Amino acid sequence: MAHTWTAIDFETANQDRGSVCAVGLVRVSEGRVVDRFSTLIRPPEPVSFFSRHNTAVHGITAADVTGAPTWETVRGQVLEFAQGGALVAHNAAFDMGALRQACAHTGQALPALDYACTLALSRRTWDLPDHRLPTVCAHVGHQITQHHRADADAEAAAHIMIAAMLRYGTSSLPELTRAAGMRLNRLEEIRAVSVPVAAPAPSAAPAMEDRFGRWQRVAQSPLPEPSPDADPAGPLYGRTVCVSGDLRAMDKPEVWKRVAEAGGTPAKNVTKKTDVLVVGDSDHGGKTSKHKQAEAYMAKGQRIDIITESELMARLGMASA
């Protein structure tokens, strides 16, 4: 199976990684696309609400998935399609996290799986202005017309990997990752567990929260640790990142996850360790206390990059919503 692998892409309903609402799969054998599969998904019940931020990105609503299969069904379809081969995704930490978390929500088992990340690979392979999916696709000659559709993004990841194999003169994922100075990652096995009957979905999605409720939820959210699988050459690797204000595309806990996946250290406050401050929408009417604190540290000689949301998205290899 070394020469056969499957590109995968998930879309999610909200900031919870396991709220899968669509998946696209593209199987590649001997360097050629040989099969495709995609479906909408009814997200696991505990996290089945749709955030306006996520819908703004992929266009999927709760009404769209009313008649779709549940994750309990789709999980089996994903594993059957992959046939035990390795998985490939652009920003694979996100998609592997979605796979694990969806199974955790439903108490389902998941076998150990090898996987590779085309985002990390493209950073090591091509010198580009950024390594977002559309940018890399344009470079390798693959036209992506419906970015953020699971089937289109899976197809794009497949073609990026095929192009990289041609670039390095390799025919399998293990050979390619070695040639690029990387390693094939491993998603460890998880076992089936019984889960309690799902509680009703929150009466108000995060988009409906009042300002205090949102602040309280964010304040209580734990900060994730930097991923050991992150690309050391990435622009956020090893950097301490703080967000000032609200972002359009995702809330702060989701930003923290993405930063950690990129090897950065997310922070809730500006400190002497901060070296990146992301300025959100609420700064437009005046500088926040975090922004002012960052400037005070900078005046004393501390190096802090103050960037916009769009600049953050580019450094994460994502398109801004």
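Only heavy atoms go into these numbers, but all of them, side chains included; no hydrogens, no water, no symmetry mates. Keep in mind that what you see is a predicted model, and the values were worked out from it rather than measured.
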In terms of hydrophobic clusters joined by side-chain contacts under 4.5 Å, are [X] and [Y] together?
X	Y	result
L173	V26	yes
L184	V28	yes
L99	F81	yes
V23	I144	no
V74	F10	yes

What is the minimum heavy-atom distance between [X] and [Y], and which atoms define it?
X	Y	value
L316	A262	CD2-CB, 4.2 Å
L277	A294	CD2-CB, 3.7 Å
L223	A267	CD1-CA, 4.2 Å
L40	D64	CD1-O, 3.4 Å
P43	A13	CG-CB, 3.9 Å
Y168	R124	OH-O, 3.6 Å

Evaluate side-chain contact (heavy atoms from CB on, under 4.5 Å) for K287 paired with E295, printing each intermediate quantity in order. CA-CA 10 Å; K287 296 178 180 177; E295 290 184 333; 2.8 Å; yes
Side chain of [X], backbone of [Y]: donor and acceptor closer than 3.5 Å?
X	Y	answer
D114	A86	no
T170	L166	no
T125	L121	yes
H58	T12	yes
Q108	E72	yes
R27	V34	no
Q101	G97	no
K257	P224	no

Between [atom1] of [X] and [atom2] of [Y], what distance do you get to the nearest 0.5 Å?
X	Y	atom1	atom2	value
Q293	N269	CD	CG	9.5 Å
T4	E30	OG1	CD	6.0 Å
C117	N91	SG	CG	5.5 Å
H3	S29	NE2	OG	9.0 Å
K290	C242	NZ	SG	4.5 Å
L110	L79	CG	CG	6.0 Å

Is the terminal nitrogen or CZ of R17 (NZ for Lys, CZ for Arg) located under 6.0 angstrom from the six-membered ring centre of F94 and within 45° of that ring's axis?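 No, R17 does not sit over the ring of F94.
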Is the cationic atom of R186 (NZ for Lys, CZ for Arg) positioned less than 6.0 Å from the six-membered ring centroid of Y115 and within 45 degrees of its normal?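 Ring-cation test returns no.
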Side chains of [X] and [Y]: closer than 4.5 Å at any heavy-atom pair?
X	Y	value
S19	P44	no
R183	T177	no
V259	V255	yes
Y297	K272	yes
P226	T265	yes
W5	L87	no
L176	M161	yes
C21	F50	yes

Checking side-chain contact (heavy atoms from CB on, under 4.5 Å) for the pair I160/C137: CA distance, chi angles, key distance, verdict? CA-CA 7 Å; I160 290 171; C137 283; 4.1 Å; yes
Would you please test E11 and R149 for salt bridge (Lys or Arg N to Asp or Glu O under 4.0 Å) and show each step? CA-CA 8 Å; E11 301 298 332; R149 258 188 51 164; over 6 Å; no
Considering residues at least two apart in sequence or located in another chain, which fulfil the side-chain hydrogen bond (donor to acceptor under 3.5 Å, both in side chains) criterion with T271?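 Counting only residues at least two positions away or on another chain, T271 forms no side-chain hydrogen bond (donor to acceptor under 3.5 Å, both in side chains).
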Listed by chain and number, what are the side-chain hydrogen bond (donor to acceptor under 3.5 Å, both in side chains) partners of H159, not counting sequence neighbours?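 For H159, the residues satisfying side-chain hydrogen bond (donor to acceptor under 3.5 Å, both in side chains) (neighbours in sequence not counted) are E155.
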Ionic contact status for [Y] with [X], cut-off 4.0 Å:
X	Y	answer
E311	R315	no
D305	R239	yes
R303	D275	no
E188	R100	no

Run the side-chain contact (heavy atoms from CB on, under 4.5 Å) test on V276 and I304 for me, step by step, so that the C-alpha distance in whole Å, both residues' side-chain angles and the decisive distance to 0.1 Å come before the verdict. CA-CA 5 Å; V276 178; I304 301 178; 5.9 Å; no
Can you confirm whether the side chains of [X] and [Y] place a donor and an acceptor under 3.5 Å from each other?
X	Y	value
H105	D16	yes
H90	D153	no
T274	T240	no

Applying side-chain contact (heavy atoms from CB on, under 4.5 Å) to I41 and T70, what does each step give before you reach the verdict? CA-CA 6 Å; I41 306 167; T70 63; 5.9 Å; no
Inspect the surroundings of CD in E225 and state if more than 12 heavy atoms from other residues, nucleotides or ligands are less than 6.0 Å away.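 Check fails, neighbour count at 12 or below.
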